[in-house]
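Worksheet for the structure shown next.
Only heavy atoms go into these numbers, but all of them, side chains included; no hydrogens, no water, no symmetry mates. Positions are given from 1, in the same order as the sequence printed here.
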Amino acid sequence: MLRALALKAFLCSDLDDKLQQVDSLPHAPAETARLAPEETPVAGLTCMAEPARPGRPDKPKLVPPQDVPRRAAGGVQGRAALLHALAHIEFNAIHLALDAVWRFDGLPARFYLDWAQVAREEALHFRLLRDHLRSMGVDYGHFPAHDGLWEMAERTADDVLARLALVPRVMEARGLDACPPMRDKLARAGDETAAHILDIILRDEIGHVAIGNHWYRWLCAQRGLDVLACFEDLKRRYRAPRLVGPFNLDARRMAGFSEEELQAL
């Protein structure tokens, strides 16, 4: 039930309908009945050679990262462009969580419940940002956006270990570093509403990265792999972006990174 619903929400292209479906994902273990490994949500989709693309509205237009406009947060249009970029990240994060639920077979029920929770919280973040954008006279889709976060999901579609190593622990953990200075920039521009939204996002993203860390370590233990050595190997094999500081070490500690891992940064 849960995995099939996650796939349905993943493929939905109507924005409001998608958000409603995500909000309605089951919360309780009893609602995840029949999560046996052989129970795939749609025959032939799981572990496809070419991963399914998430359903999206017609806008925003997707462009290369270098073509996304960058504006200072001081003016209204600049703040709108920045918040739109954040909303697009959160929209992609919804798909990343849904994809983890429906794509990967044979994991404990708690794995699927955890990522369904992440999907609901990412949908909340997206909704908060979108509502604020609307209060500024802009809606999601107004600015072009890039698809870098989803590209890493496609690269790691063949192995749940690679997905957990490189999406929550690399791509999403970068948000822990970027969120506080961005929040301060928005506060200095007088946008206390946006600053408060980023406080919520940082709080929840610490939990999301912690979930990724937990299941990455669990899988390493299941496969008899060293956590650090495996991580370095996967970064090379899947061409993960190089991690560049400054790092929010306190947030990363709260998200479950060890001191050894922090030193390796």
Using 4.0 Å as the upper bound for N to carboxylate O, is an ion pair formed by [Y] and [X]?
X: Asp233; Y: Arg237; answer: yes
X: Arg163; Y: Asp159; answer: no
X: Asp177; Y: Arg174; answer: no
X: Asp23; Y: Arg127; answer: yes

Using a 3.5 Å distance criterion without hydrogens, assess whether the side chain of [X] forms a donor-acceptor pair with backbone atoms of [Y].
X: His84; Y: Gly141; value: yes
X: Arg53; Y: Leu11; value: no
X: Gln21; Y: Ala9; value: yes
X: Lys61; Y: Phe143; value: no
X: Arg183; Y: Leu198; value: no
X: Arg252; Y: Phe247; value: no

Compute the ring centroids of Tyr112 and Trp215, then answer whether they are less than 6.0 Å apart. no

Closest contact, heavy atoms only, [X] versus [Y]:
X: Ala194; Y: Leu83; result: CB-CD2, 4.0 Å
X: Ala119; Y: Val22; result: O-CG1, 3.4 Å
X: Gly212; Y: Leu164; result: O-CB, 4.3 Å
X: Ala165; Y: Leu234; result: CB-CD1, 3.6 Å
X: His88; Y: Pro60; result: ND1-CG, 4.0 Å
X: His125; Y: Ile201; result: CG-CG1, 3.7 Å

Please round to the nearest 0.5 Å and tell me the distance separating atom [atom1] of [X] and atom [atom2] of [Y].
X: Leu96; Y: Arg103; atom1: CG; atom2: CZ; result: 11.0 Å
X: Leu86; Y: Leu186; atom1: CG; atom2: CG; result: 7.5 Å
X: Phe104; Y: Thr156; atom1: CZ; atom2: OG1; result: 6.0 Å
X: Leu128; Y: His132; atom1: CG; atom2: NE2; result: 10.5 Å
X: Met136; Y: Arg79; atom1: CE; atom2: CZ; result: 4.5 Å
X: Ile197; Y: Glu90; atom1: CD1; atom2: CD; result: 10.5 Å

Fill in: side chain to side chain contact (heavy atoms under 4.5 Å, CB included) between Trp218 and Asn213, worked out
CA-CA 8 Å; Trp218 184 88; Asn213 267 322; over 6 Å; no

| request: Report yes or no: do Arg56 and Asn92 form a side-chain donor-acceptor pair below 3.5 Å? | output: yes

Are side-chain heavy atoms of [X] and [Y] found at a separation under 4.5 Å?
X: Tyr216; Y: Ile211; answer: no
X: Leu161; Y: Cys220; answer: yes
X: Leu176; Y: Ile206; answer: yes
X: Met171; Y: Pro241; answer: yes
X: Asp105; Y: Val160; answer: no
X: Leu265; Y: Phe257; answer: no
X: Leu5; Y: Ser24; answer: no

**Request:** Give the C-alpha distance, both sets of side-chain angles, the deciding distance and a yes or no for side chain to side chain contact (heavy atoms under 4.5 Å, CB included) between Leu62 and His146.
**Result:** CA-CA 5 Å; Leu62 297 179; His146 71 82; over 6 Å; no

Practice problem: Go through the steps to decide whether Trp102 and Phe111 satisfy the test ring pair (Phe, Tyr, Trp, His ring centres under 6.0 Å), and finish with yes or no. | Solution: CA-CA 11 Å; Trp102 78 261; Phe111 175 92; over 10 Å; no

Check the surroundings of atom [atom1] in [X]: do more than 12 heavy atoms from other residues, nucleotides or ligands lie under 6.0 Å from it?
X: His196; atom1: NE2; value: no
X: Asp58; atom1: CG; value: no
X: Gln20; atom1: CD; value: no
X: Lys235; atom1: NZ; value: yes
X: Glu260; atom1: CD; value: no

Can Arg130 be said to sit on top of Tyr140's aromatic six-ring, NZ or CZ under 6.0 Å from centre and within 45° of the ring axis? no

*asked:* Is the terminal nitrogen or CZ of Arg169 (NZ for Lys, CZ for Arg) located under 6.0 angstrom from the six-membered ring centre of Phe231 and within 45° of that ring's axis?
replied: yes

| request: For side chain to side chain contact (heavy atoms under 4.5 Å, CB included), just list the numbers for Glu261 and Val227, CA-CA rounded to whole Å, side-chain angles, deciding distance to a tenth of an Å, and then say yes or no. | output: CA-CA 9 Å; Glu261 287 172 312; Val227 168; 3.6 Å; yes

Trace of the side chain to side chain contact (heavy atoms under 4.5 Å, CB included) decision for Leu25 with Leu98: CA-CA 10 Å; Leu25 289 175; Leu98 292 173; 3.7 Å; yes

**Prompt:** Can you check side-chain hydrogen bond (donor to acceptor under 3.5 Å, both in side chains) on His95 and Glu122, steps first, answer last?
**Reply:** CA-CA 9 Å; His95 292 136; Glu122 303 290 15; over 6 Å; no

Practice problem: Verify side-chain hydrogen bond (donor to acceptor under 3.5 Å, both in side chains) between Glu121 and His208, making sure each step is shown before the conclusion. | Solution: CA-CA 9 Å; Glu121 291 175 355; His208 300 171; 2.6 Å; yes

* To do: Kindly work out whether a path of hydrophobic side-chain contacts (I/L/V/M/F/W/Y, heavy atoms less than 4.5 Å apart) joins Leu228 to Leu225.
  => no

